[in-house]
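This structure is a prediction, so every number in the text was calculated from the model and none was measured.
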Amino acid sequence: MAERRFYYLCESGTVHSFDELPSVCPDEFAAARRDFQALSEQLRSLLNRLAEPEHDLFFWGDSTLDVSLEEEDRTTLSGLLAEKSACRVLDVSGPAYSFLLYRRLFAHLGDGGGRVLVLPWNLRSFSEEWLPRPSYAFPQAMAALDFMSAAGECEKRAAFEDYFIATRTDALLLETLRYKESTPFFITTHPHKGVLYYCYPASAISGRLSVLRGLLRALRAKNYRVFSYLLPINYFGLKELCSAGEHAALMRNIGLLSGFLSAESNLFADFSRTVETEHFEMVEHLFHQGRALLAGKLQDALGTLPGFAGRGVGWSKCDTSLLRPILPEEMNLAARRIKLAVPD
């Protein structure tokens, strides 16, 4: 296969190859290089925190672990679990997550020493509403992780090219805007958004099981005990809205993912239908009382894990700002470069 070269339409209106950019656009190229190196350092800092021996439990997840902006009690789900289970919890949650990003991050973890890694599974993250979002692809973080893994300069250069393309062009911005304008999935005021979130075809899950299986088995091979659970959703409110066919699709998806995670995790629990509607801020975000109920269920589940015992209450939060989604307004609108991939 012919090697691909990447070209950019610069602000001046001239087209240049990637190799020419350092001399033609030195300031912009240097800024991209600094951003990329800073992100790589942030990732190294995050991985160093995950290697600290004082944590009993690592709690991954997305924004459903956090609190409502209007709530007085600011205790997150992971904080409540630390209090109830008397264990030292490191919260590694971010606004959203990607299985592919997790796979890259987990590849850098060392021996887990038998510690527990909690993985909440959001049914929504398999849906057509979630997966096509360019902002949830985390291209910069994944390119930086590839850069950190690369043995040779050629691979490192390729990773930086990927980062440059993702951050210094408006291609991703335009793709995001087209997605937002062309589909109802993005509209949070959609009256039946719960149906769009959870009642998708079974192939949305089955087509990704090989990636998830590799991710979970790699963690267990590194001596982590994986506790997977299905996030609570506003099941009882959703049940009133959806048709019989949509409800059947929801139950099928819950069953499919539950069976898989039960077989591939050290511990599994299905909490998808355990919290009443009044405890939800939205279809999957919980108010304090709902978080407290869920923390109690998590504590009970952990009590069934052989040999698990906390070493006293402790809670800390990783800085995962580098893992947040890219929003359209944050893209670099000044750089009007367009990536063109053409064979030699």
**Student:** Hey, quick one: are Phe271 and Val89 part of the same hydrophobic cluster, counting side-chain heavy atoms closer than 4.5 Å, chains of contacts allowed?
**Tutor:** yes
**Student:** When rounded to the nearest 0.5 angstrom, what distance separates CG in Leu250 from OH in Tyr235?
**Tutor:**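 Going from CG on Leu250 over to OH on Tyr235, the span is 6.5 Å.
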**Student:** Over all heavy atoms of both residues, which pair between Ala144 and Ser40 is shortest? Give the atoms and the distance, please.
**Tutor:**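 Nearest pair, atom of Ala144 first, then Ser40: CB-OG, 3.8 Å.
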**Student:** Do any N or O atoms from the side chain of Ser125 and from the backbone of Asn122 form a donor-acceptor pair under 3.5 angstrom?
**Tutor:** yes
**Student:** Check for me, please, whether Val67 and Leu81 land in the same ILVMFWY cluster - side-chain distances under 4.5 Å, paths through other members count.
**Tutor:** no
**Student:** Working to the nearest 0.5 Å, report the span between SG of Cys318 and CD of Gln42.
**Tutor:** 12.0 Å
**Student:** Can you check side-chain contact (heavy atoms from CB on, under 4.5 Å) on Arg104 and Asp146, steps first, answer last?
**Tutor:** CA-CA 8 Å; Arg104 283 171 166 81; Asp146 289 342; 3.1 Å; yes
**Student:** Where the side chain of Arg220 meets the backbone of Glu264, is there a donor-acceptor pair that is under 3.5 Å apart?
**Tutor:** yes
**Student:** Heavy-atom distance under 4.5 Å between the side chains of Leu109 and Leu219, does that happen here?
**Tutor:**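 Leu109 reaches Leu219 side chain to side chain.
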**Student:** Step through it carefully: locate the ring centre of Phe268, locate the ring centre of Tyr229, and say whether they are under 6.0 Å apart.
**Tutor:** no
**Student:** Any chance the side chains of Trp315 and Ser78 put a donor and an acceptor closer than 3.5 Å?
**Tutor:** yes
**Student:** Looking at every heavy atom in both Arg291 and Asp73, which two are closest together, and how far apart are they?
**Tutor:** NH2-O, 3.6 Å
**Student:** Evaluate the criterion side-chain contact (heavy atoms from CB on, under 4.5 Å) for residue pair Phe227 and Phe59; output intermediate values, then yes/no.
**Tutor:** CA-CA 10 Å; Phe227 175 18; Phe59 206 134; over 6 Å; no
**Student:** Determine whether a donor-acceptor pair (N or O, by modelled atom type, separation under 3.5 Å) exists between the side chain of Asn266 and the backbone of Val226.
**Tutor:** yes
**Student:** Could you walk me through whether Leu212 and Trp121 satisfy the side-chain contact (heavy atoms from CB on, under 4.5 Å) test, starting with their C-alpha distance in whole Å, then the side-chain angles of each, then the deciding distance to 0.1 Å, before giving a yes or no?
**Tutor:** CA-CA 11 Å; Leu212 304 186; Trp121 294 88; 3.9 Å; yes
**Student:** Would you compute the distance between atom CG of Leu230 and atom CG of Leu261 and round it to the nearest 0.5 angstrom?
**Tutor:**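 CG of Leu261 is found 6.0 Å from CG of Leu230.
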**Student:** With a 4.5 Å limit on heavy-atom distance, are the side chains of Glu246 and Val195 in contact?
**Tutor:**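 A side-chain contact under 4.5 Å exists here.
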**Student:** Between His55 and Cys87, does the side-chain contact (heavy atoms from CB on, under 4.5 Å) criterion hold? Intermediate values first, please.
**Tutor:** CA-CA 8 Å; His55 310 297; Cys87 65; over 6 Å; no
**Student:** Any link between Leu77 and Leu57 through a network of hydrophobic side chains (Ile, Leu, Val, Met, Phe, Trp, Tyr) touching at under 4.5 Å?
**Tutor:** yes
**Student:** Of all heavy-atom pairs between Thr304 and Ala301, which one has the smallest distance, and what is that distance?
**Tutor:** OG1-O, 2.6 Å
**Student:** Answer whether the closest heavy-atom distance between the side chains of Asp35 and Leu39 falls below 4.5 Å.
**Tutor:**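 Heavy-atom side-chain distance check fails, nothing below 4.5 Å.
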**Student:** Hey, does the side chain of Ser23 reach the backbone of Glu20 with a donor-acceptor pair shorter than 3.5 angstrom?
**Tutor:**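 Confirmed, Ser23 side chain pairs with Glu20 backbone.
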**Student:** What residue among His279, Glu278, Arg273 forms side chain to side chain contact (heavy atoms under 4.5 Å, CB included) with Val275?
**Tutor:** His279
**Student:** Do the side chains of Leu238 and Tyr200 join up, straight or via other hydrophobic residues, at under 4.5 Å, putting them in one cluster?
**Tutor:**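 Per the 4.5 Å side-chain linkage, Leu238 and Tyr200 are co-clustered.
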**Student:** Might you point out which heavy atoms bring Leu90 and Ser316 nearest each other, and give the distance in Å?
**Tutor:**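 Looks like CD1-OG, 3.2 Å.
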**Student:** Taking the side chain as C-beta and beyond, is there a heavy-atom pair between Leu286 and Leu294 under 4.5 Å?
**Tutor:** yes
**Student:** State, with a plain yes or no, whether a side-chain heavy atom of Pro232 is found less than 4.5 Å away from one of Phe280.
**Tutor:**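 Contact flag for Pro232/Phe280 side chains = yes.
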**Student:** Run the side chain to side chain donor-acceptor pair (under 3.5 Å) test on His285 and Ser63 for me, step by step, so that the C-alpha distance in whole Å, both residues' side-chain angles and the decisive distance to 0.1 Å come before the verdict.
**Tutor:** CA-CA 8 Å; His285 292 75; Ser63 61; 2.9 Å; yes
**Student:** Is it the case that Arg115 places NZ or CZ above or below the six-membered ring of Phe58, under 6.0 angstrom from the centre and within 45 degrees of the axis?
**Tutor:**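 No, cation not above the ring by the 6.0 Å, 45° rule.
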**Student:** Between Ile205 and Leu257, what is the shortest heavy-atom contact and its length?
**Tutor:**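 Answer, listing the atom of Ile205 first, then Leu257: CG2-CD1, 4.1 Å.
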**Student:** Please round to the nearest 0.5 Å and tell me the distance separating atom OG of Ser93 and atom CG of Leu65.
**Tutor:** 5.0 Å
**Student:** Within the 4.5 Å heavy-atom criterion, are Val116 and Phe308 side-chain neighbours or not?
**Tutor:** yes
**Student:** Which residue is it: Tyr198, Tyr197, Phe260, Phe99? I am looking for the one with a ring-ring contact (aromatic ring centres under 6.0 Å, His included) to Phe126.
**Tutor:**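 The passing option is Phe99.
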**Student:** Counting only heavy atoms from other residues, nucleotides and ligands, does the tally under 6.0 Å from CD of Glu52 exceed 12?
**Tutor:** yes
**Student:** Which pairs with one or both residues in residues 294-316 pass salt bridge (Lys or Arg N to Asp or Glu O under 4.0 Å), sequence neighbours excluded?
**Tutor:** Asp56-Arg311
**Student:** Mind checking whether Phe236 and Glu276 have side chains closer than 4.5 Å, heavy atoms only?
**Tutor:** yes
**Student:** Quick one: CZ on Arg103 to CG on Leu216, what's the gap to the nearest 0.5 Å?
**Tutor:** 12.0 Å
**Student:** Is Lys239 reaching over with its side chain to a backbone N or O of Asn234, donor-acceptor style, under 3.5 angstrom?
**Tutor:**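 The answer is no, because no donor-acceptor pair under 3.5 Å joins these two groups.
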**Student:** To the nearest 0.5 Å, how far apart are CG in Leu43 and CE in Met142?
**Tutor:**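 Separation between the atoms: 11.5 Å.
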**Student:** Please answer: with hydrophobic residues joined when any side-chain heavy atoms are less than 4.5 Å apart, are Val118 and Leu47 in the same cluster?
**Tutor:**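 As far as the 4.5 Å side-chain criterion goes, Leu47 and Val118 are not connected within one cluster.
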**Student:** Any side-chain heavy-atom pair from Thr75 and Glu83 closer than 4.5 angstrom?
**Tutor:**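 Yes, at least one pair of side-chain atoms sits under 4.5 Å.
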**Student:** Check whether any side-chain N or O of Arg49 sits under 3.5 Å from a backbone N or O of Ser45 as a donor-acceptor pair, and report yes or no.
**Tutor:**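 Not a single qualifying donor-acceptor pair exists.
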**Student:** List the atom of Leu145, the atom of His108, and the distance in Å for their closest heavy-atom pair.
**Tutor:** O-NE2, 3.6 Å
